[in-house]
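Input: a single structure, listed below in structure tokens.
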Number of protein chains: 2
Amino acid sequence: MTTVNTIDVEKGSMVLKLLGDKTRLTIVSLLMYDECCVCELVEILEMSQPSVSQHMKKLKAAEIVKERRQGQWIFYRINNESEVYPLVKSIMTHFPEQREKIKGLELKGLRVCCN
Amino acid sequence: MTTVNTIDVEKGSMVLKLLGDKTRLTIVSLLMYDECCVCELVEILEMSQPSVSQHMKKLKAAEIVKERRQGQWIFYRINNESEVYPLVKSIMTHFPEQREKIKGLELKGLRVCCN
DNA sequence: TGATTATATAAGTGGTTGCTTATATAATAT
DNA sequence: ATATTATATAAGCAACCACTTATATAATCA
């Protein structure tokens, strides 16, 4: 039998509330596949930049994502060291992959690449 | 590798939003252990009856729970035939069991028993 | 039948949320 | 230095949400 470390209701319900928004759920779904910067998310979600930034701020505060600055871009990725990561991960297995949306960005030449 | 049937973002985010409320998360957590009627939940949660009823209405509308009338009581239980049940179930494994709260009710003689 | 018990519903309200527009900060390029 | 690009923050606002109180519905009991 598999044993899972439990999260307290307070913290867990906050994670669920945050993922209970279609936009944020899609963002996290995208980030499960690869890290993204804000401007890529703006493009994919067809939303305003401030709106996306505000969502990222909430996801970061809940330790669902981490950020990394690279030049003028800030890349967000899933925080897989977080206490809430196991919960986030097992939730996301129930949603379709968003890979093709990122592929679509690449085809349009809008992917931010900086290595 | 384990394959999971995916849920669309629309439906899934609704489930997450509903479970993103501390009260409802606790209710579902309780129901994972055993069915309960409204008056039991009122006792355990120390909330008003209309408030609990309104939460149950939402959980039922999202097919997270089912109801069963027995005399004057209405018992709610997890809807394990629902499309969203796999998601609900895997979320709930991350939260502590609520068994002792139901045990507490029994000790106080407040458990509704009707067989 | 009338009283009691369990539950649901309706209406009102204060707090929260997700967007908008405007502006600030910060890195890069010319 | 100045302009451009990327991101964050602030303020305002309409929609939503979880509670409250009051009332309705429904089953049981005396």
Side-chain angles (χ1 to χ4, degrees), chain A residues 9-10 13-28 30-31 35-62 64-77 105 109-115, chain B residues 9-10 13-28 30-31 35-62 64-77 105 109-115:
Chain A
V9 168
E10 192 84 37
S13 64
M14 175 54 69
V15 169
L16 296 170
K17 182 182 287 180
L18 287 173
L19 296 182
D21 174 90
K22 258 204 302 181
T23 302
R24 284 190 295 261
L25 187 59
T26 305
I27 290 173
V28 171
L30 282 161
L31 296 184
E35 67 176 5
C36 285
C37 65
V38 176
C39 62
E40 291 173 325
L41 294 171
V42 166
E43 187 67 31
I44 292 172
L45 302 166
E46 298 178 40
M47 289 187 63
S48 76
Q49 176 269 313
S51 186
V52 171
S53 271
Q54 283 156 7
H55 284 305
M56 299 321 293
K57 185 180 184 175
K58 290 178 186 180
L59 291 172
K60 197 179 73 174
I64 295 171
V65 304
K66 280 194 289 193
E67 64 176 16
R68 162 179 84 86
R69 178 178 276 279
Q70 178 145 358
Q72 44 185 338
W73 295 280
I74 293 180
F75 285 87
Y76 286 95
R77 66 180 186 286
L105 261 200
L110 291 171
R111 197 79 214 278
V112 173
C113 294
C114 28
N115 303 314
Chain B
V9 169
E10 191 85 36
S13 64
M14 175 54 68
V15 170
L16 295 170
K17 182 181 288 180
L18 287 174
L19 296 182
D21 173 89
K22 258 204 303 181
T23 302
R24 283 189 297 259
L25 187 57
T26 304
I27 290 172
V28 172
L30 282 162
L31 297 184
E35 68 177 4
C36 285
C37 65
V38 176
C39 61
E40 291 173 325
L41 294 171
V42 166
E43 188 67 30
I44 292 172
L45 301 167
E46 298 178 38
M47 290 187 63
S48 75
Q49 175 270 315
S51 186
V52 171
S53 270
Q54 282 155 8
H55 284 306
M56 298 322 292
K57 186 180 184 176
K58 288 179 186 182
L59 291 173
K60 197 180 74 176
I64 294 171
V65 304
K66 281 193 289 194
E67 63 175 19
R68 164 178 83 85
R69 178 178 277 278
Q70 178 145 357
Q72 44 186 341
W73 295 280
I74 293 180
F75 284 87
Y76 286 96
R77 64 182 187 284
L105 259 200
L110 291 170
R111 197 81 215 277
V112 174
C113 293
C114 29
N115 304 311

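Values reported hereafter were calculated over all heavy atoms of this structure, with side chains retained and with hydrogens, waters and symmetry mates removed. As the structure is a prediction and not an experimental result, all values here were calculated from the model.
The side chain of B:Pro50 sits closest to C:dT9 out of D:dT7, D:dT9, C:dT9. Of all nucleotides listed (C:dT7, D:dT7, C:dT9), C:dT7 comes nearest to the side chain of B:Cys39. Among the nucleotides C:dA8, C:dT7, D:dA8, the one closest to the side chain of B:Tyr76 is C:dA8.
Contact of B:Gln49 with C:dA8 (side chain to base): a donor-acceptor pair of N or O atoms is detected under 3.5 Å.
The distance between atom CG of B:Leu59 and atom P of D:dC17, rounded to the nearest whole Å, is 13 Å. B:Arg68 has its CZ atom 15 Å from the C1' atom of D:dA27, to the nearest Å. When rounded to the nearest whole Å, the span between CD1 of B:Ile74 and P of D:dA26 equals 10 Å. Between the CH2 atom of B:Trp73 and the C1' atom of D:dT28 there is a distance of 9 Å, rounded to whole Å. For the pair A:Leu45 CG and D:dT7 P, the interatomic distance rounds to 13 Å; values are reported in whole Å. Remark: P of C:dT20 and CD of A:Glu46 are 13 Å apart, rounded to the nearest angstrom. When the C1' atom of D:dC19 is taken as reference, atom CG of B:Leu41 falls 17 Å away, rounded to whole Å. Look at CZ on B:Phe75: it is 12 Å from P on C:dA8, rounded to the nearest Å.
A close approach under 4.0 Å does occur between a side-chain nitrogen or oxygen of B:Lys57 and OP1 or OP2 of C:dT9.
Here OG of A:Ser13 is found 9.5 Å from CG of A:Leu18. Values are rounded to the nearest 0.5 Å. Rounding to the nearest 0.5 Å gives a distance of 9.5 Å between CD1 of B:Ile64 and CE of B:Met14. Between the CG atom of A:Leu19 and the CG atom of B:Leu19 there is a distance of 11.0 Å, given to the nearest 0.5 Å. Atoms CD1 and CG, on A:Ile44 and A:Leu105 in that order, are 4.0 Å from each other to the nearest 0.5 Å.
With sequence neighbours left out, A:Gln72 forms a side chain to side chain donor-acceptor pair (under 3.5 Å) with no residue at all. Applying the salt bridge (charged side-chain N to carboxylate O under 4.0 Å, His left out) test to A:Glu10 and every residue at least two apart in sequence or in another chain returns B:Lys22. With sequence neighbours left out, A:Lys66 forms a side-chain contact (heavy atoms from CB on, under 4.5 Å) with A:Arg77, A:Asn79, A:Glu81.
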Just distance, no hydrogens or angles: give the donor-acceptor pairs under 3.5 Å from side chains in residues 49-59 of chain A, sequence neighbours left out.
residue: A:Gln49; atom: NE2; partner: A:Ser53; partner atom: OG; Å: 3.1
residue: A:His55; atom: ND1; partner: A:Arg24; partner atom: NH1; Å: 3.1

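The two residues A:Cys37 and A:Phe75 make their nearest non-hydrogen contact at N-CD2, 3.8 Å.
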Next item on the list: Starting at the 5' end of nucleotides 25-30 of chain C, put B wherever the base has a protein heavy atom under 4.0 Å, S where only the sugar-phosphate does, and a dash everywhere else.
Entry: --SS--
Notebook entry, point to check: In B/S/- notation, 5' to 3', how is nucleotides 14-19 of chain C contacted by protein heavy atoms closer than 4.0 Å?
Noted result: ---SSB
